[in-house]
2 protein chains.
Amino acid sequence: MATNIRDVAKAAGVSVATVSKVLNGYTTVNQQTKERVLKVVKEKQFRPNAAARSLVGRRSMMIGVFLTTGLAHPFFTPILAGMEQSLKAKGYDLIYLAQFTWEKEYSFVRHCQSRNVEGVVVFGFQHSDMNFTELSEAGIPTLFIDLDVDAPRTGAISSNNTEAVQHAVQYLKEINHEQIAFLSGYEDTYVSRCRLAGYEAGMRLAGLAIPIDYVVASDFTKQGGYTAMRELLAHPSRPTAVICSSDMGAIGAITAIREAGLAVPEDISVIGFDDIELASHVHPPLTTIRQNTDEMGRKAVELLDQLINNIETASVQAIIPTELVIRASSAQRG
Amino acid sequence: MATNIRDVAKAAGVSVATVSKVLNGYTTVNQQTKERVLKVVKEKQFRPNAAARSLVGRRSMMIGVFLTTGLAHPFFTPILAGMEQSLKAKGYDLIYLAQFTWEKEYSFVRHCQSRNVEGVVVFGFQHSDMNFTELSEAGIPTLFIDLDVDAPRTGAISSNNTEAVQHAVQYLKEINHEQIAFLSGYEDTYVSRCRLAGYEAGMRLAGLAIPIDYVVASDFTKQGGYTAMRELLAHPSRPTAVICSSDMGAIGAITAIREAGLAVPEDISVIGFDDIELASHVHPPLTTIRQNTDEMGRKAVELLDQLINNIETASVQAIIPTELVIRASSAQRG
DNA sequence: TTGAAAGCGCTAACAC
DNA sequence: GTGTTAGCGCTTTCAA
């Protein structure tokens, strides 16, 4: 059996209350006593039982995560990894609520409550059947990544999607492209809307027209990019450059372009979004908009922690800068 | 405040003990009473407090995970995803012990104990400074992935690494290769040893000699594969095929081959290991040994669950079959 | 500055 | 079949 606070108290010749106070950083403990207790704690390698702590109504030091996309998503996983360091710094462990479902019965809110989760990070796509506000309504601080949910005591993190795409358009214009098309992501997704807005703004600023059907709705998958690109290839005025809402989409697009007997970037330049690991390894290496996943993860935990600790904090957000990484899938025109 | 068992008891007109019995599937409860209780439970969406449950010495329904490589490893993440379904089926949540360190002070064993984790899955590489047996010595059921740790009440899962590589050699022999080299992984790694053994056995069975320096020690990274391949390219009798211990290594090897003015697979065939997502997307698409990550994950939870529930179970293991996926980085010789 | 004791929500003896 | 109650390990009043 592992040692408990009573063992420590006994060994240190004090009461359990005193040990508890030392452990919780109360200043009303005599320096000598404190040292004696800490010595025993160290000797016995004592760690207070988390369940008991959490039961007595204090902190559980657990943050829940929920991914609408499953655990192995190529873009979200690095964010998870980015969370690691600030998790460590703040002392939280991460709990992946596998039982989490969006069904009404056995609701995820209840599940979070039963686990005494202090806060939740939700990664995801917008889906009409997911009631994202339930969590914050239940008083559980929630941080959304790539989601714009309007609720109090909530945080949000995303990249500067709009500016990023706008900047990509500008880059293409600078290397002489004028017929620039856009492969959009899931239409009802927050990031898709931002990226599309960035495309439109960028084209306007560059003084370029957007021909009808130059924006093709797609999803974030390779297959989706492939299908959308085929549509675009049939366009009467074929684009010389395409900006995609994801790297996977860009890879699909490149496949379609090749199949049509055209070359990337000679005939069509392709720009992706995310800079997932794959991006630099495909052929040609993808010019893409890199999201700073590490920073997103770190910031997510920080903001969530803020939400947890400052009751008065109404709502927080962060926009993380991106970076256009120029590789070989885009080239000067003419 | 969330409802507790007392509220439910009151609403159902029974005692808390009865509610508890219903919730825990005791059969000594009157059918009528049971239904009445369940109705209230459903109405109130009651979920028992996990901390209280775990405190009273019953189950915490939490499985800990520890990755020696960090959260975003391209091979381990899919295994994590594979765990998801059986986690759900068995009712466990997953806790990622971010506070986990291998330092003696504040030991990870203590951390697991303080969290009342029922079992732990360890993913990883062999490292001499990691005392993997501590967990099982402390009585915590532990399941190792890709690790061979000799300890009681422990489980192990890995692919059939030896046979897999042996099979790959045989395949190369069938397509006329005779000068087959091997890029090994970290030398002190269990899977590396297995794969190397498979190479040696395969060569022997194929009646092929292994020239000196045909086995190059490397790691599982792209850079490692690149460096090792450069050594191999300088070999007096240049190989016509190389089997690598990882896909990332294979990608690095291909880079080195190209830099030397040679082509894959025309001059040298390259085979990887893992079939990470990248493998099918690089150029040329990688012939590789696919590990069934999904099955590994599912099986991991199942075995761990077995370890947790059957005290008498001494030790369990599973070898998961692999599959040689033939793509374009390997070709018939001559 | 310290300690005694109540109680967090639950399970499991044990009594009825 | 059902209820009463002790107690899991901890924090936190409150009294000394």
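Scope of the values below: all heavy atoms of this structure, side chains included, with no hydrogens, waters or symmetry mates. Residue numbers start from 1 in every chain, and the chains themselves are labelled A, B, ... in the order their sequence lines are given, proteins ahead of strands.
- Here B:Ser54 lies out of heavy-atom contact (under 4.0 Å) with every strand.
- The interatomic distance linking B:Arg6 (CZ) with D:dT5 (P) rounds to 14 Å, in whole Å.
- Side-chain to base pairing of B:Lys21 with D:dG3: one donor and one acceptor N or O lie within less than 3.5 Å of each other.
- Phosphate proximity of D:dG1 to B:Asn30: absent, as no side-chain N or O sits under 4.0 Å from OP1 or OP2.
- A salt bridge links B:Asp148 with B:Arg193: the distance from a Lys NZ or Arg NE/NH1/NH2 to an Asp or Glu carboxylate oxygen falls below 4.0 Å.
- B:Arg59 places its CZ atom 23 Å from the P atom of C:dG9, with the value rounded to the nearest Å.
- Across the protein-nucleic acid pair, B:Asn49 atom CG and C:dC8 atom P stand 12 Å apart, rounded to whole Å.
- Taking side-chain N and O atoms only, A:Asn4 has a distance below 4.0 Å to OP1 or OP2 of D:dG9.
- B:Lys39 and B:Glu43 are joined by a salt bridge, as a carboxylate oxygen and a charged side-chain nitrogen come within less than 4.0 angstrom of each other.
- For B:Thr33, taking side-chain heavy atoms from C-beta onward, the closest of the listed nucleotides D:dT2, C:dA4, C:dT11 is D:dT2.
- Listed candidates were C:dC10, D:dT2, D:dT12. Nearest to the side chain of A:Tyr26 is D:dT12.
- Comparing B:Gly13 and A:Val16 against DNA chain D, the residue whose closest nucleotide sits nearer the 5' end is B:Gly13.
- Between the P atom of D:dC8 and the CG atom of A:Asp7 lies a distance of 12 Å, rounded to the nearest Å.
- Side-chain atoms of A:Ile5 lie closest to D:dT11 of the nucleotides C:dT2, C:dC8, D:dT11.
- Residues A:Lys44 and A:Asp7 are not paired through a salt bridge, judged by the lack of any N-O separation under 4.0 Å between the basic side chain and the carboxylate.
- Between B:Thr28 and the phosphate of D:dG1, there is no side-chain N or O to OP1/OP2 separation shorter than 4.0 Å.
- The side chain of A:Val56 lies closest to C:dG7 when the candidates are D:dT2, C:dG3, C:dG7.
- Per the geometry, NZ belonging to B:Lys34 stands 12 Å off P belonging to D:dG1, to the nearest Å.
- Proximity of B:Asn24 to the phosphate of C:dT11: a side-chain N or O atom is located under 4.0 Å from OP1 or OP2.
- Nearer the 5' end of DNA chain D, as judged by each residue's closest nucleotide, is the contact made by B:Arg36, out of B:Arg36 and A:Leu23.
- Atom NZ in A:Lys44 sits roughly 14 Å away from atom P in D:dG9 (whole-Å rounding).
- Closest contact between the side chain of B:Ala17 and the listed nucleotides C:dC10, C:dA13, D:dT11 involves C:dA13.
- The six-membered or imidazole ring of B:Phe66 lies away from that of B:Phe123, with a centre-to-centre distance of 6.0 Å or more.
- Atom-to-atom, CE of A:Met61 to C1' of D:dC10 comes out at 16 Å; the value is rounded to the nearest Å.
- Residue B:Arg53 has no polar side-chain atom (N or O) positioned under 4.0 Å from OP1 or OP2 of C:dG9.
- When only modelled atom types and interatomic distance are considered, B:Gln31 and B:Glu35 share a side-chain donor-acceptor pair under 3.5 Å.
- One interatomic measurement links the two molecules: CZ of B:Arg110 to C1' of D:dG9, which rounds to 15 Å at whole-angstrom precision.
- From B:Leu94, atom CG reaches atom CG of A:Leu94 across 9.0 Å, with rounding to the nearest 0.5 Å.
- Dashed line: the shortest gap from a side-chain N or O of A:Ser20 to OP1 or OP2 of D:dC10 is not under 4.0 Å.
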